[in-house]
Amino acid sequence: MIQICLNCLLLSALLLLISIGLNIIYGISRVVNLAHGSLYALGAYFGYSMVSYGVNFYAALLLAPLLAGLCGVVLERLIIEPIRHRDMTYTLILTYGLSVFIDGMFKFIWSDKVQFIQMPSSLRGTLNLFGVHYPNYRLFVLAATVCVILGLLALLEKTKLGMIMRAASTIPEMVSALGVNMKLVHMGVFGLGCVLAGIGGVIAGPLLSVYPMMGSEMLLSCFVVLVIGGLGSLRGAILASLLVGTAQTLGFVFLTDFAMVIVYLMMAVILLFMPKGLLAEGKFD
Amino acid sequence: MEKAIGNKKDRKGLVIQALVLLALVLLPFVLGNKFYLRLVTEIIIYGLLAMSLDVLLGFTGLLSFMHAAYMGIGAYTVAVFLSYVDPGASIWVTFPLGIAVTVVLAFAAGWLQVRTGGFAFALLTVAFGMMYYTLVWKARSITCGDDGLCGLPKPDISLGPIVLGNMNDSLTAYFFTLAVVAVCFFVTRRIMHSPFGAVLESIRENTERASFIGINVRNYKLMGWMLACTLAGISGVLFTYMKGSVSPTLMDARAGGIVLMMTLLGGMGTLWGAFIGAAAYIFLQDFISAMTENWMVFLGLAVILLTLFMPKGLADLPIRLGQRLTRQRSNL
Amino acid sequence: MSTILSTNSLCRHFGGVRAVNDVTIAIRDKSVKAVIGPNGAGKTTLFNTITGRLPATAGTVVFDGRDITNSPVHERVKLGICRTFQINSLFLGATVFENVRIAKQTRMGKSLKIFSKRDSLADVNEATFEILEKVGLGGKASELANTLSYGDQRSLEVAIALAGDPKILLLDEPTAGMSQLETNNIIRLIQKLVKEIAVVLVEHDVDMVLSISDSISVMHQGSIIGEGTPDEICKNQRVREAYLGDENGH
Amino acid sequence: MRKGLAVCISVLLVLTMMPLRPAVAADPIKIGVVVTLTGMAAQLGIDNRNGILLAAKHKGTILGRPIQIITEDDEGQSETGIRKAEKLVFKDKVVALSGVTVANVGQAIAGEADRLNVPFLTTNVMTPKFYGLHPLVFRCGQVADDQMTVAQVMGILKDPDLMKRSWYVLADDYAWGHSCAEEFIKLATEKGIKIKNPTYDNAALNLVDWSPFVSKIISAEVGGVYACLRSPVAPRFVQQAADFGLMEKVKIIGGTPSEAALEAAGESVVGLIGTCCWTWDIDTPKSKAFAEAYWKEFKEVPPSQGAQAYTGAFVLFNAIEKAGGTDPKKIAEALKGATFEGPYGEVRISPKDNCMRTPVKVVVAERAPKNPFGAKIIKKVVASLTPEEVGPAE
């Protein structure tokens with residue numbers, strides 16, 4: 001029984017870690033980034049290259065996301081900024097093209113082989129939790145996710161930068177009127193979103209393997225979590241990822257055929273009757 | 001005065017499109033070999049699908065991520081009927097059946113979806129589209145799951161007793177597809193220029209103001225959705241006739257993204273722009289993937305550049321060229 | 001002259017904020033009713049609740065004897081409740097002619113025609129030209145709505161409302177941002193209209209309100225604090241306090 | 001403003017941009033290869049293509065004419081596969097089609113065999129639906145699902161340690177997975193092998209976390225796991241199973257994971273049992289020659305998929321040579337009953353059902369000895385089965 005709970009927790013943690021960046025980017029600068037999956041994969045690939053060249057796993061866990069965040073900021077300046085004022089459809093199609101481009105680059109640079117980020121020796125082996133052997137690495141993933149989320153909540157709630165971000169998510173015009181350089185805020189938020197995606201990538205690397213299509217496969221689950229939790233609300237995302245993680249874990253095992261249909265049904269119900277998400281904190285335009 | 005200008009421009013547009021249709025009719029005799037003929041047939045089918053999404057996106061202002069799902073439903077209905085019920089069924093049976101099933105399933109999804117708008121509507125189309133995709137994928141006993149239904153019998157094209165030809169022959173397939181798509185195009189064009197079309201455009205332009213002039217926005221959105229899905233169903237039926245095999249990848253999330261790309265590359269709100277978008281996408285993909293296995297890099301780059309520098313899509317090129325011609329002619 | 005539209009103990013709350021608080025007013029047919037009050041008094045929220053843009057939290061709205069509290073916007077418009085918006089809400093991509101034509105076409109129930117050309121509805125076109133002349137936009141028919149001056153856009157708002165053959169016309173600050181000439185046009189138009197239909201005004205221009213209104217209601221912090229003819233309102237002590245702020249300045 | 005005269009100019013411009021028929025220098029024999037180069041099965045597709053390219057290099061010429069291999073990417077989608085096959089046949093005028101990595105594309109192209117009217121020899125499609133499918137459609141290179149299952153069951157029968165274990169069956173939730181699982185359970189119960197869950201579990205395709213199944217296996221206290229998972233997914237399952245320390249307690253039989261997948265998974269994959277036609281562990285002269293040639297050409301660990309495609313291509317080339325021309329009927333005749341002494345012994349195309357009979361090896365993943373390819377993992381041969389043992393009977 002403990003094993004099943006831990007399994008559900010782990011999938012929820014992964015979903016949360018990967019979708020949180022997308023949530024922030026939409027919540028604060030109203031950009032729907034279909035290339036978010038590819039940035040998650042970019043983080044994983046950077047992590048893989050570093051670890052295979054002998055960089056220590058933990059160092060890679062810090063460096064790779066920063067590199068992914070840097071790429072994110074450059075992309076935001078080059079591509080997202082010029083069309084920010086345009087209708088949402090254009091950002092969707094542009095980021096879709098971007099995801100096709102990045103997935104193509106993975107194939108071009110790293111080839112199609114399925115790779116694994118080598119797990120650090122300290123995290124190998126299992127831990128005996130009340131008679132159940134649970135891999136150390138998975139416990140590390142749970143712990144890492146909790147730290148990242150707490151850090152993020154602290155950043156948003158406690159710091160001045162966080163206050164600006166939260167204000168920008170409600171009334172952007174007012175914030176720029178108060179002399180805040182919105183360009184920097186959008187750039188910072190997009191960068192932060194990509195760093196979070198990168199962290200998700202490096203942590204998922206040893207577990208889920210690294211291959212060109214990993215990003216686009218996770219994108220759909222990210223959107224499901226986003227919608228159920230309420231677009232742009234962090235607490236909602238935490239609750240939603242728990243719900244979706246449990247539904248998928250139990251669903252895949254017991255009624256494999258229609259597990260995903262239930263998840264999409266949940267998404268449809270939320271969209272129809274609670275557009276602002278479970279905790280009604282979502283920011284729908 | 002206002003009426004006169006509108007009609008003159010409208011008639012000139014119709015003449016141009018008739019000329020293009022004439023060119024397409026003569027095309028098979030110009031083309032070197034069968035492959036390009038079948039490629040153009042496929043472009044016309046995907047053009048119809050992209051046009052149906054343009055009716056939704058360019059005219060009613062509703063974004064659907066998974067529009068390919070309804071093409072898939074139309075295609076699968078015909079494929080399942082031909083495989084299990086009656087392989088020799090004539091097109092006068094399978095065509096309406098394909099459309100009927102698409103309309104029913106589209107209504108089921110649309111009736112709920114039109115309660116919302118904007119991004120919520122788009123996400124709902126994902127939810128329902130993926131549900132239909134999963135059903136097709138999972139109903140293994142009927143649809144053979146991911147193997148799809150292959151080697152389907154190609155129906156005869158017959159008007160009553162006279163058999164004009166079989167879909168297996170590329171020329172018949174081309175002309176039948178061109179005829180059906182041309183009819184769909186001109187009928188949709190007429191509908192979009194009608195008072196009903198004006199209502200759809202007003203909903204796109206300003207949904208709240210539309211309800212404040214007495215339009216039942218929800219009903220008209222549903223009608224726009226049903227028109228778009230019916231056209232998508234027709235393109236699905238034509239696809240099965242021509243290809244003779246269907247598979248779930250026809251209606252998955254990636255296919256939905258591709259149709260969206262075609263419509264936007266072509267240019268929204270112009271109906272015929274979607275055909276140019278479909279032609280551009282299929283050529284780009286087919287041409288580049290023959291040269292290098294890393295075609296995704298170039299395709300992604302092309303989409304990014306086109307979205308950034310040509311927001312009105314490829315259809316904008318002929319329009320601008322046309323304006324410059326008329327301007328030169330006027331000040332000569 | 002019977003009451004055409006009435007609200008009894010109508011409320012609209014946003015969480016704790018009671019924007020419209022227990023408002024009961026009656027609007028008589030063929031008369032000009034003005035609703036005035038300082039900023040944030042709840043005038044526009046009252047408008048939005050009557051016209052269905054916002055659902056009412058409590059109370060009812062009755063029009064011509066029918067309870068329309070929960071009926072959707074388009075049904076209220078079909079009944080004849082037409083309004084303009086404080087912030088212009090037009091079909092900016094379409095021409096001035098098309099803006100009014102689509103409203104007229106919907107009013108005349110011709111929207112389901114899917115095969116005739118949209119410009120071929122002769123009766124709709126005539127009625128549209130007529131309304132444009134009435135509002136003084138006859139000359140600008142083929143211009144795009146987003147190229148119009150602010151004043152012209154306000155007139156276009158009125159034209160679109162008129163295209164709905166209103167029984168009651170609700171104007172949300174029609175003269176805001178208008179030149180004196182344009183304001184006079186609007187006043188002359190209202191005086192002509194009020195011969196057949198009821199007109200409800202939300203306005204800041206007090207002189208204009210006093211000159212043309214038959215009855216005035218004054219709102220303050222969500223509720224009605226004074227009602228009556230323009231002269232009664234001038235003498236009303238509570239109204240003066242609300243506007244000038246009384247001694248203890250709460 | 002709406003539409004200038006230029007509309008039809010632009011449409012015609014787009015259409016005439018199509019390249020005209022390329023000028024033909026020497027008159028090469030063109031062979032079309034349709035493989036999956038993007039998507040999940042991309043690595044397998046690349047191994048297929050490389051095998052066929054190497055075969056063309058080694059064959060050199062057919063009937064004195066150079067061989068030209070034209071490759072197309074089907075992205076693993078049936079409709080794209082058909083379009084690319086049409087391009088190869090109608091535009092490039094290829095003499096025969098080969099390759100094809102995934103079953104749905106293979107069946108889609110086979111469905112169009114009459115219209116394409118060229119011999120289609122698939123080197124890597126495993127679905128049993130190809131037996132006697134069409135006079136122009138052949139399979140040579142990769143074993144079919146049923147042959148693989150027979151080999152796996154024989155592998156268990158020959159090893160008493162495996163025989164006494166009870167087996168838990170897990171399959172990828174798609175056509176190939178289901179047919180493998182069903183056939184394994186049917187054959188295993190016939191041969192008296194204990195199956196823990198006759199109604200096998202299937203795992204959704206976009207499943208990322210395998211822990212639910214691993215915990216199910218642990219609680220089922222089984223001795224062995226039969227997992228028919230796609231090649232790119234198998235290592236992830238094995239890696240996650242190893243995390244739970246499952247590899248010590250349980251023997252896993254996992255479909256036919258490719259060398260690249262095994263290299264990626266590294267240490268945790270040791271002990272995984274599988275079946276394939278070829279592995280560089282076979283030390284016959286022909287096998288050694290192939291391994292060195294592949295390493296020299298592509299600088300990658302020689303994959304079994306590559307050897308299978310290499311063999312299939314050679315059978316096709318020899319058949320065209322024997323047919324003495326490019327007439328589809330003649331080539332088809334020549335292919336019936338064709339034999340070829342390849343890297344993994346003699347293969348033969350049975351005239352009864354146009355599909356290959358081949359020796360099959362049962363292999364176990366182990367740490368590789370010193371080898372020129374820098375490989376960490378080797379597929380050690382533990383049992384070899386003759387074509388007659390593997391069947392199907394003719």
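Each chain gets a letter, A, B and so on, in the order its sequence line appears, and its residues count up from 1.
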**Q** Using non-hydrogen atoms and a 4.5 Å limit, figure out which bit of A/I4 sits close to chain D: side chain, backbone, both or neither.
**A** neither
**Q** Which residues in residues 113-121 of chain A have any heavy atom closer than 4.5 Å to a heavy atom of chain D?
**A** A/K113, A/V114, A/Q115, A/F116, A/Q118, A/M119
**Q** Is it the case that atom CZ in A/F108 sees more than 12 heavy atoms from other parts of the structure closer than 6.0 Å?
**A** no
**Q** Which of the residues D/L37, D/I46, D/I218 is involved in the greatest number of heavy-atom pairs with chain A at under 4.5 angstrom?
**A** D/L37
**Q** What's the shortest heavy-atom distance between D/A42 and A/D112, and which atoms?
**A** CB-OD1, 3.0 Å
**Q** How close do A/L208 and D/V208 get, counting heavy atoms only, and between which atoms?
**A** CD2-O, 3.5 Å
**Q** What part of A/L10 lies closer than 4.5 angstrom to a heavy atom of chain D: side chain, backbone, both or neither?
**A** side chain
**Q** With rounding to the nearest 0.5 angstrom, report the OG to CG distance, D/S211 to A/L6.
**A** 9.0 Å
**Q** Which answer fits A/Y137, side chain, backbone, both or neither, if we ask what part of it has an atom under 4.5 Å from a heavy atom of chain D?
**A** neither
**Q** Tell me whether A/K107 at atom NZ has more than 12 heavy atoms from other residues, nucleotides or ligands lying less than 6.0 Å away.
**A** yes
**Q** In terms of heavy-atom contacts, does CZ of A/R86 have more than 12 from other residues, nucleotides or ligands at under 6.0 Å?
**A** yes
**Q** Side chain, backbone, both or neither: which part of D/E300 has a non-hydrogen atom closer than 4.5 Å to chain A?
**A** side chain
**Q** Does NZ belonging to D/K296 count more than 12 external heavy atoms closer than 6.0 Å?
**A** no
**Q** May I ask you to list the residues in residues 264-271 of chain D that approach chain A closer than 4.5 angstrom, counting heavy atoms only, ordered by number?
**A** D/A264, D/A265
**Q** Going from CG on D/D209 to CD on A/Q248, what distance comes out if it is rounded to the nearest 0.5 angstrom?
**A** 10.0 Å
**Q** Do you know the tightest heavy-atom contact between D/S215 and A/Q3?
**A** CB-CG, 3.1 Å
**Q** Minimum heavy-atom separation for D/R236 and A/L207, please, with both atom names.
**A** CG-O, 3.7 Å
**Q** Among A/R124, A/R138, A/H133, which residue has the highest count of heavy-atom pairs closer than 4.5 Å to chain D?
**A** A/R138
**Q** Quick one, D/T38 with A/D103, criterion side-chain contact (heavy atoms from CB on, under 4.5 Å). Give me CA distance, side-chain angles, the key distance, then yes/no.
**A** CA-CA 10 Å; D/T38 38; A/D103 290 351; over 6 Å; no
